[in-house]
Amino acid sequence: MALSDFRLDGKTALITGGNRGIGLATALQFAEAGAKLVLAARRENLEADRLLKEAGADYVFIAADATDPATPQRLIQSTLDRYGRLDILVNNAGIADHGATPDFDDARLERMISTNIVQVFRFSREAVAPMKAQGSGVILNVGSISGLISNIPQIQAAYNASKAAVHMMTKSMASEFAEFGIRVNALAPGYIETDMTDVRLTNEEWNRVWTAGTPMGRYGKPEEMANAILFLCSPASGYCTGTVLVADGGYVTR
Ligand code: NDP
């Protein structure tokens, strides 16, 4: 396998949640691999801009709420207007929300479903037409080990269910879109050092359980997730579709 199969020269990628955490690490990795980028999130992050400029990235940041029904079509059209193609869609934007199920009200449930499931479906749906017209495309969904197991000690039934839905959407759309030359895969990260898990810094009990439950004994780094995402979005994974790649330091082995 040639190393060039891991490159993305000439390709255009749209990354939701590209302003921090796993999304930003992916943007930096993709830029280094030669891709042009459209990054979307609700807030612009000046530090992200600095890092991307330093890396010489060809990118544009578009402020957008992914849960707005008009956002997917608007962002995909912006990508086509700017770069003429949509080769890669990374559905990375997501939220976590912990809490006992009896107290988890409808507003929180709806926010979880619209952010972690509905907008992923809409972005993927809107990506099909341009990818089909090109005869190729890759969709990468960021799922979670929480879509595979019921984590402890935190209670998060809605989050777990949302990520299981992402995994099943991945498999279903992989089967449906293969004939168009579109591959659809998911990454299922374990505990990664981002804002989403910053409770690890304040909650000793959760930090202890999460670390002890990980055979490798540490959190993953966003860059390690970006490497796995690069693999799944590059020609190097040309025969992978419908895959849910677990990258969790061994967490789900226990
Ligand atoms: P962060 O909280 O650091 O980043 C979340 C990203 O999603 C931000 O860029 C945020 O931008 C964006 N986002 C959230 N809601 C919206 C919205 N409504 N519209 C647009 N963008 C939105 O978390 P991570 O980087 O850790 O998370 C990335 C993905 O990885 C998520 O899907 C998460 O579930 C998944 N994951 C993370 C794990 C971890 O341990 N960190 C483990 C397993 C999965 P903004 O707020 O500016 O809109």
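Both ligands and their constituent atoms are indexed starting at 1 by order of listing. These figures come from a predicted structure and were not determined experimentally.
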> Please check this pair: side chain of T197 against backbone of T194, looking for a donor-acceptor N/O pair closer than 3.5 Å.
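Yes; at least one donor-acceptor contact below 3.5 Å.
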> Quick one: does S114 get a heavy atom under 4.0 Å from ligand 1?
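Not so, S114 does not reach ligand 1.
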> Is the closest heavy atom of Y219 to ligand 1 under 4.0 Å?
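The answer is no: ligand 1 sits nowhere under 4.0 Å from a heavy atom of Y219.
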> Which is closest to atom 31 (C) of ligand 1 in terms of heavy atoms, N91, I145, N92?
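Nearest option to atom 31 (C) of ligand 1, by heavy atoms: N92.
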> Has the side chain of N92 got a donor or acceptor atom that lies under 3.5 Å from a matching backbone atom of G17?
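The answer is yes, because a donor-acceptor pair under 3.5 Å joins these two groups.
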> Are Y239 and R183 side-chain neighbours, meaning at least one heavy-atom pair lies under 4.5 Å?
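In short, these two side chains do not touch, never coming nearer than 4.5 Å.
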> Would you say ligand 1 has an N or O under 3.5 Å from any N or O of T67?
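No.
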> Heavy atom under 4.0 Å from ligand 1: found in D65's side chain, backbone, both, or neither?
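Both the backbone and the side chain of D65 come within reach of ligand 1.
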> Is the closest heavy-atom distance from Q119 to ligand 1 below 4.0 Å?
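It does not, in that no heavy atom of Q119 comes within the 4.0 Å cut-off of ligand 1.
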> Give the contacting part of I192 toward ligand 1: side chain, backbone, both or neither, where contact means a heavy-atom distance below 4.0 Å.
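The part of I192 near ligand 1 is both the backbone and the side chain.
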> Show the atoms of ligand 1 that are less than 4.0 angstrom away from any heavy atom in A66.
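Heavy-atom distances to A66 below 4.0 Å select 17 (C), 18 (N), 19 (N), 20 (C).
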> Pairing donors with acceptors under 3.5 angstrom, does anything connect the side chains of E223 and N227?
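No - no donor-acceptor pair under 3.5 Å links their side chains.
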> Between the side chain of N185 and the main-chain N/O of C240, is any donor-acceptor distance below 3.5 Å?
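Yes; at least one donor-acceptor contact below 3.5 Å.
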> Going by the order shown, which atoms of ligand 1 are within less than 4.0 Å of some heavy atom of D195?
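By the 4.0 Å cutoff, the relevant atoms are 3 (O).
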> Enumerate the atoms of ligand 1 whose separation from the nearest heavy atom of V142 is less than 4.0 angstrom.
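In order of numbering, the contacting atoms are 29 (C), 30 (O), 35 (C).
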> Answer yes or no: is there an ion pair linking R82 with D58, defined by an N-O contact shorter than 4.0 Å?
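Here R82 pairs with D58 in a salt bridge, since their nearest N and O are under 4.0 Å apart.
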> Tell me, please, whether Y191 has R200 positioned over its six-membered ring: NZ or CZ under 6.0 Å from the ring centre and within 45 degrees of its axis?
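No, R200 does not sit over the ring of Y191.
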> Of all the non-hydrogen atoms in the protein, which one sits nearest to atom 26 (O) of ligand 1, and at what distance?
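Atom 26 (O) of ligand 1 sits closest to the protein heavy atom T194 OG1, 2.6 Å.
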> When you group the ILVMFWY residues by side-chain heavy-atom contacts below 4.5 Å and let the links chain together, are V38 and I229 in the same group?
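As far as the 4.5 Å side-chain criterion goes, V38 and I229 are not connected within one cluster.
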> Test of understanding: given a 4.0 Å heavy-atom threshold, classify the contact between A64 and ligand 1 as side chain, backbone, both, or neither.
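For A64, only backbone atoms sit under 4.0 Å from ligand 1.
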> Does ligand 1 have any atom sitting under 4.0 Å from a heavy atom of N19?
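N19: in contact with ligand 1 (<4.0 Å).
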> Any atoms of ligand 1 less than 4.0 Å from a non-hydrogen atom of G21? List them with their elements.
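Numbered from 1, ligand 1 contributes 3 (O), 25 (O).
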> Quick one: does I22 get an N or O within less than 3.5 Å of an N or O on ligand 1?
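Yes; the residue has a nitrogen or oxygen that sits under 3.5 Å from a nitrogen or oxygen of the ligand.
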> Could you name the option among R200, M225, M196, R20 that has the heavy atom nearest to atom 27 (O) of ligand 1?
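Nearest option to atom 27 (O) of ligand 1, by heavy atoms: M196.
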> What is the closest protein heavy atom to atom 12 (C) of ligand 1, and at what distance does it sit?
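The protein heavy atom lying closest is G17 CA, 3.7 Å.
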> Check whether more than 12 heavy atoms from other residues, nucleotides or ligands sit under 6.0 Å from atom CD of E205, and answer yes or no.
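More than 12 within 6.0 Å, yes.
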> For L24, which part has a heavy atom under 4.0 Å from ligand 1: side chain, backbone, both, or neither?
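Neither part.
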> What residue among W210, W206, Y159 forms side-chain hydrogen bond (donor to acceptor under 3.5 Å, both in side chains) with Q154?
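So, applying the side-chain hydrogen bond (donor to acceptor under 3.5 Å, both in side chains) to Q154 and each of W210, W206, Y159, only W210 qualifies.
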> I'd like to know if G143 contacts ligand 1, where contact means a heavy-atom distance under 4.0 Å to any ligand atom.
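Right, G143 reaches ligand 1.
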> What residue and heavy atom of the protein are closest to atom 36 (N) of ligand 1, and at what distance?
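Result: Y159 OH, 3.7 Å.
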> For atom 15 (N) of ligand 1, which protein heavy atom lies nearest, and how many Å away is it?
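Here the closest protein heavy atom is R42 NH2, 3.2 Å.
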> Going by the order shown, which atoms of ligand 1 are within less than 4.0 Å of some heavy atom of Y191?
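That gives atoms 40 (O) of ligand 1.
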> Can you tell me which residue among I113, I95, T115 is in a side-chain contact (heavy atoms from CB on, under 4.5 Å) with T67?
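When I113, I95, T115 are each tested with T67, the side-chain contact (heavy atoms from CB on, under 4.5 Å) holds only for T115.
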> Could you check atom 22 (C) of ligand 1 against the protein and tell me its nearest heavy-atom contact, residue, atom and distance included?
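That would be A93 CB, 3.7 Å.
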> Please tell me whether V184 and F231 are part of a single hydrophobic cluster in this structure, the criterion being side-chain heavy atoms less than 4.5 Å apart.
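No.
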> Salt-bridge test for E54 and R50: reply yes if a basic N is under 4.0 Å from a carboxylate O, no otherwise.
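Looking at R50 together with E54, the answer is yes, because their closest N to O distance falls below 4.0 Å.
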> Take atom CZ of F104 as the centre, draw a 6.0 Å sphere, and report whether it contains more than 12 heavy atoms from other residues, nucleotides or ligands.
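Correct, the count exceeds 12.
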> Using a heavy-atom cut-off of under 4.0 Å, does the side chain or the backbone of K163 touch ligand 1, or both, or neither?
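The answer is the side chain of K163.
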> Is there a polar contact between ligand 1 and T197, counting only N or O atoms under 3.5 Å apart?
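No - when backbone and side-chain N and O of T197 are compared with those of ligand 1, no distance drops under 3.5 Å.
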